[in-house]
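Remember, it's 1-based here, ligands and their atoms both numbered in the order they're listed. Values below: all heavy atoms of this structure, side chains included; hydrogens, waters and symmetry mates excluded.
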Amino acid sequence: MSTPSAPVPRAALADVPAYVAGRPAAAVPGRPSYKLSSNENPFPPPAAVVEAVREAAERVNRYPDMGNTAVYDALSARLGQPTERLAAATGSVALLYHLVQAFCEAGDEVVFAWRSFEAYPIAAAVNGARSVQVPVTADGRHDLPAMAAAVGERTKVVLVCTPNNPTGPAVTRAELEAFLAEVPPHVVVVVDEAYREFVRGPEAFDALDLLEDRPNLVVMRTLAKAFGLAGLRVGYLVAHEPVAAAVRACALPFGVSAVAQAATVAALGAEAELLERVERVVAERTRVVDTLREQGWHLPEAQGNFVWLALGEDTPRFATACEEAGVTVRPYATDGVRVTVGEPEANDVFLRVAGEFDPKV
Ligand SMILES: *Cc1c(COP(=O)(O)O)cnc(C)c1O
């Protein structure tokens, strides 16, 4: 066997798709521009969060608390779950990486819907696991019976994204319970609830209610969306102790910074104020969806802080039209465009472009 003349990364890395981040708003002199491409919270953090960040900044010569003690204590009190069931990391994307690393040998399978969150195939591939993608239905829903059927000998993890990023619908409690009854108990089922605070109507339920007698269930959440800390990178999961411990074992030591820990505790303390803002985003979502439907668009149920237009081949043209008008949206190849519900002025610009665009889908 010949010796390579340069370092060779693991072969699995050749299969890692690139994460395409939402582009920043394009600056055009004399015209406001808005970023509706990353599902961020349009509101700056509450004063208490900014103050906590400021205070923590004065001690960044010290390492953070490796045990995330204050974060786990605050989450434990808020969720009524023992701290042993918690794992925090630098965003829920990091938790996904750790979880796949903890449960998948090379060649094991991770089953998830597609399209769904684009971090999923990356988290699988960097760990040498295989992605098994189960198409969403025509109305952008998880096809949970098909996903259960896709679970095979080598499946170790299933990811359920609810509401689904980027298409929007949420799974119901009954659907999820039926699904969990089908999946073998050694397969980890992650319910990614990144947008749970935005769900309204009969789809709204707390996946933690299903945790007690299901040792393979993982409920994953983030501080990046409703809690407005996208820039600080904090996510957490709740699972039975052996699963949570396996994820914590893979986490980077000192991963969650002291600033992020302090902000998390402050944001959890400001929950009422933050949920009031979520209410405003949901009201805007209703306005955006109603207006789009009046304009003649057909769109799936929007339960997150974003809407999905399945524009197909017209996807790049629509994204360019938005960009030229001053809003950056998130195009997905020739599938469609995801548009974050942002500040009312930004939504108005998007709605104007959508109203003028033909053909509508
Ligand atoms: C935004 C998002 C997350 C959050 O990821 P972080 O790493 O916590 O910022 C997780 N899952 C989905 C589906 C998302 O859209």
Side-chain angles (χ1 to χ4, degrees), residues 17 19-22 35-42 45 68 71 75 86-101 110-124 126 131 133 136 140-142 157-171 176 189-199 203 207 218-238 247 250-252 255-257 260-261 263-264 267-268 274 278 281 285 300 302-308 329-330 332 336-342:
Y19 190 102
V20 183
K35 184 181 179 203
L36 299 182
S37 55
S38 293
N39 291 350
E40 292 153 339
N41 196 316
N68 296 313
V71 168
L75 286 172
L86 302 172
T90 55
S92 37
V93 169
L95 287 166
L96 276 172
Y97 280 50
H98 304 331
L99 191 123
V100 176
Q101 186 181 21
V110 180
V111 172
F112 51 89
W114 200 251
R115 244 183 215 282
S116 188
F117 188 28
E118 70 174 321
Y120 296 164
I122 304 173
V126 288
S131 286
Q133 303 183 342
V136 294
R141 293 184 170 279
H142 275 51
V157 177
V158 183
L159 307 171
V160 176
C161 187
T162 178
N164 189 44
N165 172 12
T167 59
V171 305
L176 185 60
V189 178
V190 179
V191 180
D192 182 348
E193 295 192 310
Y195 302 97
R196 71 179 303 269
E197 295 85 358
F198 300 95
V199 181
E203 269 92 346
V218 172
V219 178
M220 196 173 76
R221 295 177 180 172
T222 179
L223 275 289
K225 307 286 161 52
F227 283 82
L229 298 183
L232 285 175
R233 314 303 301 122
V234 193
Y236 65 93
L237 58 74
V238 191
V247 172
C250 295
L252 301 181
V256 184
S257 73
Q261 292 184 35
T264 298
L268 291 168
L274 287 159
V278 166
V281 172
R285 179 181 75 196
Q303 289 279 15
N305 63 344
F306 53 90
V307 295
W308 172 251
V329 299
R330 177 69 170 85
Y332 291 84
V337 171
R338 187 195 69 195
V339 186
T340 306
V341 176

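When only interatomic distances are considered, the shortest N/O to N/O separation between Ser92 and ligand 1 falls below 3.5 Å. Close N/O approach between Tyr195 and ligand 1 is found [any backbone or side-chain N/O within under 3.5 Å].
Between the side chain of His142 and the backbone N or O of Cys161, at least one donor-acceptor pair lies under 3.5 Å. The closest donor-acceptor contact from the side chain of Thr222 to the backbone of Ala224 lies under 3.5 Å. The backbone N or O of Leu95 sits nowhere less than 3.5 Å from a side-chain atom of Ser92 that would complete a donor-acceptor pair.
Between Tyr195 and Asn39, the side chains place a donor N or O and an acceptor N or O closer than 3.5 Å (distance only, hydrogens not considered).
The CG atom of Asn165 sits 6.5 Å away from atom NZ of Lys225, with the distance rounded to the nearest 0.5 Å.
Residue Thr264 is tested with Leu232, Asn68, Val234 for a side chain to side chain contact (heavy atoms under 4.5 Å, CB included); the sole match is Val234.
The residues Glu118 and Arg330 are annotated as salt-bridged, a charged nitrogen and a carboxylate oxygen being separated by less than 4.0 angstrom.
Each of the atoms 1 (C), 2 (C), 3 (C), 4 (C), 14 (C), 15 (O) of ligand 1 lies under 4.0 Å from some heavy atom of Lys225. Atom numbering of ligand 1 starts at 1 in the shown order; those under 4.0 Å from a heavy atom of Asn165 are 13 (C), 14 (C), 15 (O). Atom numbering of ligand 1 starts at 1 in the shown order; those under 4.0 Å from a heavy atom of Cys161 are 13 (C). Remark: ligand 1 atoms within the under-4.0 Å shell around heavy atoms of Ala194 are 2 (C), 3 (C), 10 (C), 11 (N), 12 (C), 14 (C). For ligand 1, the atoms sitting less than 4.0 Å from at least one non-hydrogen atom of Ala224 are 9 (O), numbered in the order shown with element in parentheses.
Considering every non-hydrogen atom in both Asn305 and Glu40, the closest pair reads ND2-O, 3.9 Å.
Nearest protein heavy-atom neighbour of atom 9 (O) of ligand 1: Arg233 NH1, 2.7 Å.
Using 4.0 Å as the threshold, Gly235 has no heavy atom nearer than that to any atom of ligand 1. Residue contact check for ligand 1: Asp192 places a non-hydrogen atom closer than 4.0 Å to it.
Heavy atoms of Met220 found under 4.0 angstrom from ligand 1: none, in either backbone or side chain.
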